[in-house]
Protein chains: 2
Amino acid sequence: MPSQPRPAGSAQSRPRPPRSTPRPPRAADHGGSSLAALAALLADPTRAAFCDALLDGRAWTSGELARYARVAPSTASEHLSRLIAGGLLAEERQGRHRYVRLATPAVATLLEDLTAFAESGGTGTRPPRTLAEAGRLSAEARARTCYDHLAGRLGVAVADALLNRGLIAEDTGLAVTERGRAWLAAQAIELPPRTGRRGGRPVVRNCLDWTERRNHVGGALGEALCRTALDRAWVERIGSGRALRVTPDGGRALHELLGVDVP
Amino acid sequence: MPSQPRPAGSAQSRPRPPRSTPRPPRAADHGGSSLAALAALLADPTRAAFCDALLDGRAWTSGELARYARVAPSTASEHLSRLIAGGLLAEERQGRHRYVRLATPAVATLLEDLTAFAESGGTGTRPPRTLAEAGRLSAEARARTCYDHLAGRLGVAVADALLNRGLIAEDTGLAVTERGRAWLAAQAIELPPRTGRRGGRPVVRNCLDWTERRNHVGGALGEALCRTALDRAWVERIGSGRALRVTPDGGRALHELLGVDVP
DNA sequence: GGCACAGTTCGGCGGGGGCCGAAACGAGCC
DNA sequence: GGCTCGTTTCGGCCCCCGCCGAACTGTGCC
């Protein structure tokens with residue numbers, strides 16, 4: 001029977017701080033309320049699964065996403081409307097189809113950052129949980145796209161090669177070197193215009209890989225490299241997911257140009 | 001699209017067994033479920049307000065955060081436990097106080113990215129909603145900290161000055177130039193060790209400003225500049241928020257060193 | 001026109017979770 | 001020891017929201 005439990009009324013004569021406001025202005029709305037609204041969009045497993053699927057950079061229909069996430073079409077429709085209203089997705093109607101894709105590369109960056117933190121920052125390693133997941137992982141772990149750039153072991157290997165050959169440098173910040181610019185020109189790989197200016201898309205961007213726990217190259221450079229690899233058939237997509245396969249031609253090209261030997 | 005393992009909501013001639021799969025394998029758990037778990041932590045207005053407060057880079061007690069967000073101490077305690085379990089916050093107990101702070105700079109970066117997107121990416125401009133908010137904004141709009149670097153008009157002005165003087169460059173990626181390195185050495189401003197290496201903190205980082213809609217300088221360089229400014233009393237904190245005041249000495253120093261005239 | 005199919009709207013259901021107050025715990029202080 | 005006060009745990013309330021099926025709209029195809 002320890003201490004007397006707080007003589008109810010007595011206590012001190014504290015004027016009972018704004019205890020009023022029984023229910024109305026709940027949220028102090030100090031700051032971060034718009035953060036909460038954005039996070040709420042991603043806090044639902046189904047909506048998160050949609051975003052994950054759309055991280056392949058392509059446009060999906062409402063029905064495809066519904067089947068992917070195993071929910072009724074009506075449910076998917078409502079989720080998509082919310083994601084679009086929140087500015088995360090953009091839609092394009094064609095006939096009786098509703099195609100959706102990530103609204104901007106900035107959304108993809110945001111999702112990648114969040115995913116990378118969630119996968120690695122939380123508790124450290126997280127092995128695959130189901131057999132199907134393990135199988136899918138092994139394919140995606142080798143090579144995959146990460147919205148519009150290369151990831152997986154291939155992405156990391158390319159990033160390492162670029163660094164080791166002095167085509168990009170990170171001593172004082174991540175940037176394309178003079179040699180790198182010449183190399184890009186020699187390969188006829190060109191960066192999209194209007195990048196690097198204040199507010200524009202960064203040219204080189206570290207993107208933490210959730211399988212390799214290493215950085216690969218994103219940004220405009222990552223996009224240009226991935227686009228080139230697909231255009232020149234160095235890699236091709238496997239099925240409808242994000243996994244990639246390196247073609248024989250691609251293996252040769254990567255070896256000759258960057259010294260990358262695909263495992 | 002080959003066979004759907006479990007045709008959840010497809011055919012319409014379902015025999016109506018008491019709702020097969022009453023509730024079991026709801027989530028496809030394809031991908032993004034860990035993303036959802038992370039986002040759920042930030043999806044609550046109260047937890048978001050906590051994070052917003054902690055973005056000043058300092059440690060707050062549980063009670064302080066409860067009063068800030070206008071919730072009962074018990075509620076705050078539960079929220080903090082969840083945020084800590086999720087790896088977003090770190091705690092330090094001192095006597096009967098529980099101090100919490102953002103777990104790592106990476107968390108701050110994540111929060112800043114999300115906030116910037118939420119404030120500007122959503123619908124474009126968003127004027128202050130309340131009178132108190134407007135007043136607070138005017139102070140913070142001039143100069144404030146953004147976790148560990150400078151933001152607001154001051155932050156943007158410093159970033160512009162660094163660019164215009166060729167101390168940093170972004171032609172091929174954001175990086176400190178040779179001149180910039182010399183300038184930093186001349187001012188006896190030193191970057192923390194172990195930055196810039198793969199996986200480490202980036203040296204220079206664009207951070208979109210939600211008041212100016214312009215980029216300011218984050219990363220290790222932003223942290224070093226902000227620390228220097230506080231150490232040498234060029235700026236000082238106003239009250240307990242994130243707002244800063246430029247001291248007379250600071251005004252002179254900023255003008256001489258960078259040509260920045262504080263408005 | 002009629003059918004098939006993609007998507008949407010609506011009503012209703014059920015569970016999760018945020019909130020609070022009451023009580024317990026424990027550190028500091030006299 | 002006894003008190004204060006910051007924090008935590010627990011029980012209970014209630015609202016929010018994700019889910020579905022059914023009905024509806026509108027497109028494309030015969």
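Naming: A, B, ... by sequence-line order, numbering from 1 per chain. Computed from heavy atoms alone, side chains included, the values below leave out hydrogens, waters and symmetry copies. Bear in mind that the values here come from a model prediction, so they are computed numbers and not experimental data.
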Leu83(A) has an atom CG; how far is it from atom P of dG18(D), in whole Å? 10 Å

From the list dC19(C), dG18(D), dG28(D), which nucleotide is the closest neighbour of the side chain of His79(A)? dG18(D)

Across the strands shown, which category fits Thr61(B) at heavy-atom distances under 4.0 angstrom: base, sugar-phosphate, nothing? sugar-phosphate

Would you say a side-chain N or O of Arg98(A) is under 4.0 Å from OP1 or OP2 of dT8(C)? yes

Specify the separation, in whole Å, of atom CD of Glu92(A) and atom P of dA6(C). 19 Å

Under a 4.0 Å threshold between the charged nitrogen and the carboxylate oxygen, would Glu78(B) count as salt-bridged to Arg82(B)? no

Grab the CG-P distance between Leu41(B) and dG16(C) for me, whole Å please. 17 Å

Which residue, Arg82(A) or Ser74(A), contacts DNA chain D at a nucleotide closer to its 5' end, judged by nearest heavy atom? Arg82(A)

Nearest-nucleotide pick for Glu78(B), side chain only, options being dG11(D), dC10(C), dT7(D): dG11(D)

If you check the His97(B) side chain, which of dC20(D), dG7(C), dG6(D) turns out closest? dG6(D)

For dT8(D), take OP1 and OP2 only and decide whether either is under 4.0 Å from a side-chain N or O of Ser81(B). no

Rounding to a whole Å, what distance do you find between Leu65(A):CG and dG18(D):P? 16 Å

Strictly below 4.0 Å, N to O, side chains only: are Arg242(B) and Asp52(B) in salt-bridge contact? yes

Check every atom of dG18(C), dG26(C), dC19(D) against the side chain of Thr75(A) and return the nucleotide holding the closest atom. dC19(D)

Does this structure show an ion pair linking Glu64(B) with Arg58(B), if we count only N-O contacts that are shorter than 4.0 Å? no

Show your working on side-chain contact (heavy atoms from CB on, under 4.5 Å) between Asp113(A) and Thr109(B) and close with a plain yes or no. CA-CA 10 Å; Asp113(A) 287 347; Thr109(B) 299; over 6 Å; no

Residue Asp44(B), side-chain heavy atoms: nucleotide from dC20(D), dG18(C), dG21(C) that is nearest: dG18(C)

Round to the nearest Å and state the distance from Trp60(B) atom CH2 to dG6(D) atom C1'. 17 Å

Does the separation of the ring centres of Tyr68(A) and Trp60(A) fall below 6.0 angstrom? yes

Atom-to-atom span, CZ of Arg96(B) to P of dC5(D) - whole angstrom: 8 Å

For Gln94(B) and dC5(D), what is the distance between atoms CD and C1' respectively, to the nearest whole Å? 17 Å

Any side-chain N or O of Arg70(A) less than 4.0 Å from the OP1 or OP2 oxygen of dC19(D)? no

dT8(D) P sits how many Å from Tyr99(B) OH, rounded? 13 Å

